[in-house]
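Taking it in order: structure first as structure tokens, then the write-up.
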Protein chains: 2
Amino acid sequence: MYEKYVKTLKDHSIKITSQRLEILKYLNEHHTHPNVEEIYSELKKKHPSLSRTTVYNSLEILKKNKIVQSLTISGSELRYDIEESLHHHFLCKKCGAILDISITCPNMDRTLDGGHRVEEVQGYFKGICKNCQTTEKGRRTNG
Amino acid sequence: MYEKYVKTLKDHSIKITSQRLEILKYLNEHHTHPNVEEIYSELKKKHPSLSRTTVYNSLEILKKNKIVQSLTISGSELRYDIEESLHHHFLCKKCGAILDISITCPNMDRTLDGGHRVEEVQGYFKGICKNCQTTEKGRRTNG
DNA sequence: TACTAAATTGTAATAATATCAAATTAGAAA
DNA sequence: TTTCTAATTTGATATTATTACAATTTAGTA
Ligand SMILES: [Mn+2]
Ligand SMILES: [Mn+2]
Ligand SMILES: [Zn+2]
Ligand SMILES: [Zn+2]
């Protein structure tokens, strides 16, 4: 059940704790880019002793080890995501969904403007998602 | 002196106030992507009655009118920038500088993943800036 | 099985931003 | 130019996300 996450932590020499395993599992199973509060309140249901501070601490150490990444696309709080292949993100201004975008960025791992060394790239796209456009049209037609 | 900024506000039918003019002037003259506190404390020197709330409110209305834009690249607070031609940003992890990057993004004003309507694109690059690399090398060589 | 450094917990502090009501003012109308 | 009013500014207070910290617990090693 948790072997996969145990391995991930071992590979990075991070101590294995149930809290960390649960957080990793949650992120692996929910690619919705949740914020700390969502992760905390969801896991709290099954593990009532969980502390918010632990969620913050765990995400921090996972981030340092590049196992998860944080996004600032929402503007108001950090959103979390497991680090898989490089991808970008789309924020729907109507429904708030944050979606994965798999376009290749021609500027990763490059030296920019003749000198800046790039270690991270984040592409944020904002607009109206496919689904919300359909709904708009639907509403107009129906009502 | 302020004609340029008066015109900008008039063109958008935004009421002309000294506070708004000062903020616009500040952003036009400082392309350092300052946060609210920097703008506030700098302008406060010359205009002691200025309120932080006004800085927040003004930036908000300027943003709604696409006269300024906000960046979340720093993670902890919003940074502001006048909206000129589309450009992206580089954050130096060493000195904290936020620099303009003028690369063309092939994904603006497009429809992504067969349906999402893109209205905004922000490209965030993070790493070590040219200047900080020179310093590193210099240090190593010299000491 | 015992030990210890690291992790977890809960509380309290901080920082950024939002809310609100009273005072002021920009700009339209008279 | 003066009057009027809706919009803006102000300052105080509230809220929210995040960090700091000290006491308790625990993972993993010896
Ligand atoms: Mn993602
Ligand atoms: Mn810029
Ligand atoms: Zn949507
Ligand atoms: Zn630098």
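Chain letters run A, B, ... following the sequence lines, proteins first and then strands; every chain starts at 1. The basis for the numbers below is simple: all heavy atoms, side chains too, and nothing from hydrogens, waters or symmetry mates.
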Pairing residues for [X] by the side chain to side chain contact (heavy atoms under 4.5 Å, CB included) criterion, not counting sequence neighbours:
X       : result
A/Ser74 : A/Ser76, A/Glu77, A/Arg79
A/Glu3  : none
A/Glu83 : A/Gln69
B/Thr32 : B/His30, B/Pro34

task = Could you tell me which residues satisfy side-chain hydrogen bond (donor to acceptor under 3.5 Å, both in side chains) with A/Tyr26, sequence neighbours excluded, listed by chain and number?
result =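 side-chain hydrogen bond (donor to acceptor under 3.5 Å, both in side chains) check on A/Tyr26 returns nothing, list empty.
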inquiry  = Check the orientation of B/His87 and B/His33. Use parallel for under 30°, tilted for 30 to 60°, and perpendicular for over 60°.
reply    =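 Aromatic pair B/His87/B/His33 classed tilted.
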Atom-pair distance (CG on B/Leu21; P on C/dT25), nearest Å =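 My rounded result for the distance is 15 Å.
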key: ring pair (Phe, Tyr, Trp, His ring centres under 6.0 Å) partners for A/Tyr80, two or more places apart   =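 Once residues adjacent in sequence are excluded, A/Tyr80 has no partner under the ring pair (Phe, Tyr, Trp, His ring centres under 6.0 Å) criterion.
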ask   = Using a heavy-atom distance cut-off of less than 4.0 Å, which residues of residues 61-73 of chain B contact DNA chain D?
value =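 Heavy-atom cutoff 4.0 Å gives no residues at all.
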message = If you take any heavy atom closer than 4.0 Å to DNA chain D, which residues from residues 74-81 of chain A end up in contact?
response =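 Those residues whose heavy atoms fall under 4.0 Å from DNA chain D, taken from residues 74-81 of chain A in numerical order, are A/Ser76, A/Glu77, A/Leu78.
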Only pairs under 3.5 Å count here: list side-chain donor-acceptor contacts from residues 6-14 of chain B, not counting sequence neighbours, and write none if there are none.
| unit_1 | atom_1 | unit_2 | atom_2 | d |
| --- | --- | --- | --- | --- |
| B/Lys7 | NZ | B/Asp11 | OD2 | 2.7 |
| B/Thr8 | OG1 | B/Lys4 | O | 3.0 |

Per-nucleotide protein contact string for nucleotides 9-14 of chain D (B base, S sugar-phosphate only, - none; heavy atom under 4.0 Å) = BBBB--
request  = Using five pairs at either end of the helix from C/dT1-D/dA30 to C/dA30-D/dT1, determine the angle between the two local helix axes and round it to 10 degrees.
outcome  =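 About 30°, once rounded to a multiple of 10°.
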Do any side-chain atoms of residues 54-63 of chain B form donor-acceptor pairs under 3.5 angstrom with protein atoms, and if so which ones, sequence neighbours left out?
| unit_1 | atom_1 | unit_2 | atom_2 | d |
| --- | --- | --- | --- | --- |
| B/Asn57 | ND2 | B/Thr53 | O | 3.4 |
| B/Ser58 | OG | B/Thr54 | O | 2.7 |
| B/Lys63 | NZ | B/Ser70 | OG | 3.0 |

